[in-house]
Number of protein chains: 2
Amino acid sequence: MAPRSISRAAEAGPRIATAHDVARLAGVSQSAVSRAFTAGASISPETRDKVAEAARKLGYRPNLVARSLITRRSHVIGVAMAYLENQFYPRALEALSQAFSTRGYQVMLFTGKPGASSDPMLEEMLRHKVDALVMASASLSSRFDVECQNAGIPVVLMNRRTESRSISSITSDNRQGGALIAAFLAAGGHRHLAFMAGSENSSTSQDREEGFTHALAAHGLGTPRRVVGLYDFDQAAAAMRSLLSAPERPDAVFCANDHMALAAINVARAEFGLEVGREISIVGFDDAGPAAWPVFGLTTYAQPLRAMVEEVVAATCARLSDPTSQAVRTIVPGWLAVRSSARLPPVGLTVRDGLTTWMPPEV
Amino acid sequence: MAPRSISRAAEAGPRIATAHDVARLAGVSQSAVSRAFTAGASISPETRDKVAEAARKLGYRPNLVARSLITRRSHVIGVAMAYLENQFYPRALEALSQAFSTRGYQVMLFTGKPGASSDPMLEEMLRHKVDALVMASASLSSRFDVECQNAGIPVVLMNRRTESRSISSITSDNRQGGALIAAFLAAGGHRHLAFMAGSENSSTSQDREEGFTHALAAHGLGTPRRVVGLYDFDQAAAAMRSLLSAPERPDAVFCANDHMALAAINVARAEFGLEVGREISIVGFDDAGPAAWPVFGLTTYAQPLRAMVEEVVAATCARLSDPTSQAVRTIVPGWLAVRSSARLPPVGLTVRDGLTTWMPPEV
DNA sequence: CTGAAAGCGCTAACAT
DNA sequence: ATGTTAGCGCTTTCAG
């Protein structure tokens, strides 16, 4: 029998070292070990070194599960996100994960079953004791609100908003973006406008539409023709098809996001042989990756992804460190990325760092 | 003093109910509550009902953190994934998350800092006590292997393989896919072939290249010209540029994945005015979302995403339920999705369900 | 079938 | 600065 096998259970392989094991080897108490791994704990350098040495030998790593049981902080953020075929979201997810991990949080992903309610997802999040929730898609039931408030976990919405006073939201300026696009299209001399909506219950789509429609009216261009793409590629393609098959074809269509705008370009070009940007103008919203690809050259309202993510993380951490703090409703300004998918207005274009944008001429 | 406030701490809001609270209200022991929430535990229907009722009243939810401390199962799977701008990965992630949640597991996402080693990521995964790891990108250091083995947590690679005997991997048939593409291109009458590699240390890129190159030689087409796109859109674009600027232009290029192939199409069409599929053939690998978009019509070796994900989940769960089981090395067959980006061979095409594929004529 | 009691690995008073 | 003690909320023997 090996001399050091005191009371090791007859398991396969060496047990995972605990703080006790480290304490024994270092000749200190278990709490000393805990302190050695706690930033700012009062411990002498010698003890810390002894512990570090023993820990290294044993390959010890603090068990975060045990820690969170007592500190009541799991350092895990639940992120609800579906619809990852829309390039905007994977980028957002990656950025969120990186930003949170910088602050010591990990992201637990909740995608939800395709058509299901968000309630089972909420249930899982709550059981797993996530410290906070960031929701970047899925529409939340009203239960969500109260359950999270009861559980005392902050909820931050990204790219959507809600009426609830207790839920923070970070969006870009959807209304202003819609209005800017209306002005841009009007300045470009378009007369027959169309709008392609996302989901009817999406605040984001609503805001963009409102901004667009109101500004259009202000420019004396009446009400745009309206189709619904449900944020889905195939649905958007179908919607575009109906738009282009109608007797009076629009000369410009604003799609509530890039994913649908890309579908629209595909249909216009491949099925109707239209030269996008000359025979028809298509504008999107997001500035997701493929928008900038040369074959698309999609003119779109650019949502500042990094800035939005920073705000999300800031809002989350703020409520985490002070639970009594108010929910915020942050609107991050974006800008119009002008490329080739829409006819250009004669004036107002600016180029900086190789990027072209447009601002309405001063009134 | 309210009659029922026995010893509640003077906190804000109602405390989150624990099994003890439920037990008290139901008039049973705390272990009875535990049993009521454990499938297959021996408990009478009456007790179960009493507990359920009390739990409902209190909004009780078992605390998974506490549970996992004692069961040593967190029911959390760590998924390491970066490079989400390649559409294949977000889809994979979504599918993984759904498949795992069906089996009672949640996914914790690890993206890693852009250029950093995978070691700090590993550290976090271990501290969080994930039950298993699935790695869909990032190259793992050798430490990874031994650390995970020590910690007793299974590692499953998706879309890459490794030499280690203890690590499972699920890939599609990269070699065969490369070979099939070579045969397809040869049959299409192409003479000047080129290959665009991903990362040099990527087993996936290597396998695809090997299959391609060997088959090409067998068809008497010599060694293809070789460029490196590093799986990156801009790098791939640059590589394509150099290919098309060279004195002898290739008439077909096989890119190690769709993301690069899409970049190649962009450059060929937008910068060189080439009609892709007639003046030059471009073939990819993955069949990621945009490949099927009409404007691209990318001919590509389709990796069966759902099947691969099912295999990943199966391999993970197998090792979880029997830690002594062997690591597997599964190769899932794919098929050639023939579209318009490459010139068609005169024979061998088959259409089924609106999808076109190609098989080499029998020898 | 049920309750009492012993911990899972750790942090946080509280003494010293 | 350090050790002792008491749990965090739960599962799991072990008696009965």
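A note on names: the letters A, B, ... follow the listed sequences, proteins ahead of strands, and every chain is numbered from 1. What you see is a predicted model; the values in this text were computed from it and never measured. Because only heavy atoms are used, hydrogens play no part in the values below, and waters and symmetry mates are left out as well, while side chains stay in.
Nucleotide C/dG9 holds its C1' atom 16 Å from the NE2 atom of B/His128, rounded to whole Å. Between A/Arg24 atom CZ and C/dC10 atom P the separation is 12 Å, expressed in whole Å. One atom, CG of A/Asp21, and another, P of C/dG9, lie 9 Å apart when rounded to the nearest Å.
Once rounded to the nearest 0.5 Å, the distance linking CD of B/Glu147 with CG of B/Asp119 reads 8.0 Å. A/His128 contributes atom NE2, which lies 9.5 Å from atom CZ of B/Arg67 (distance to the nearest 0.5 angstrom). With values rounded to the nearest 0.5 angstrom, B/Asn159 atom CG is found 8.5 Å from B/Asn86 atom CG.
Between C/dC1 and B/Thr47, no contact under 4.0 Å exists linking OP1 or OP2 to a side-chain N or O.
Scanning for side chain to side chain contact (heavy atoms under 4.5 Å, CB included) contacts around A/Thr316 gives A/Ile77, A/Phe100, A/Ala132, A/Val134, A/Val156, A/Val312, A/Leu320, with sequence neighbours left out. With sequence neighbours excluded, the residues satisfying salt bridge (charged side-chain N to carboxylate O under 4.0 Å, His left out) with B/Asp21 are B/Arg15, B/Arg24.
Identified under the ring pair (Phe, Tyr, Trp, His ring centres under 6.0 Å) test for residues 25-73 of chain B, with sequence neighbours left out: B/Phe37-B/Tyr60.
Residue contacts shown for A/Ser44 are limited to sugar-phosphate atoms, with no base heavy atom under 4.0 Å away.
In the helix from C/dC1-D/dG16 to C/dT16-D/dA1, the end axes, each obtained as the rotation axis mapping the C1' atoms of four pairs onto the next four within a five-pair block, lie 40° apart to the nearest 10 degrees.
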With B for base contact, S for sugar-phosphate-only contact and - for none (protein heavy atoms under 4.0 Å), nucleotides 8-16 of chain D reads BBBBBB---
For residues 45-57 of chain B, dump all side-chain donor-acceptor pairs below 3.5 Å to protein atoms at least two apart in sequence or in another chain.
residue : atom : partner : partner atom : Å
B/Thr47 : OG1  : B/Ser44 : OG           : 2.7
B/Arg48 : NH1  : B/Ala36 : O            : 3.1
B/Glu53 : OE2  : B/Arg56 : NH2          : 3.4

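Between the side chain of B/Ser97 and the backbone N or O of B/Val107, no donor-acceptor pair lies under 3.5 Å.
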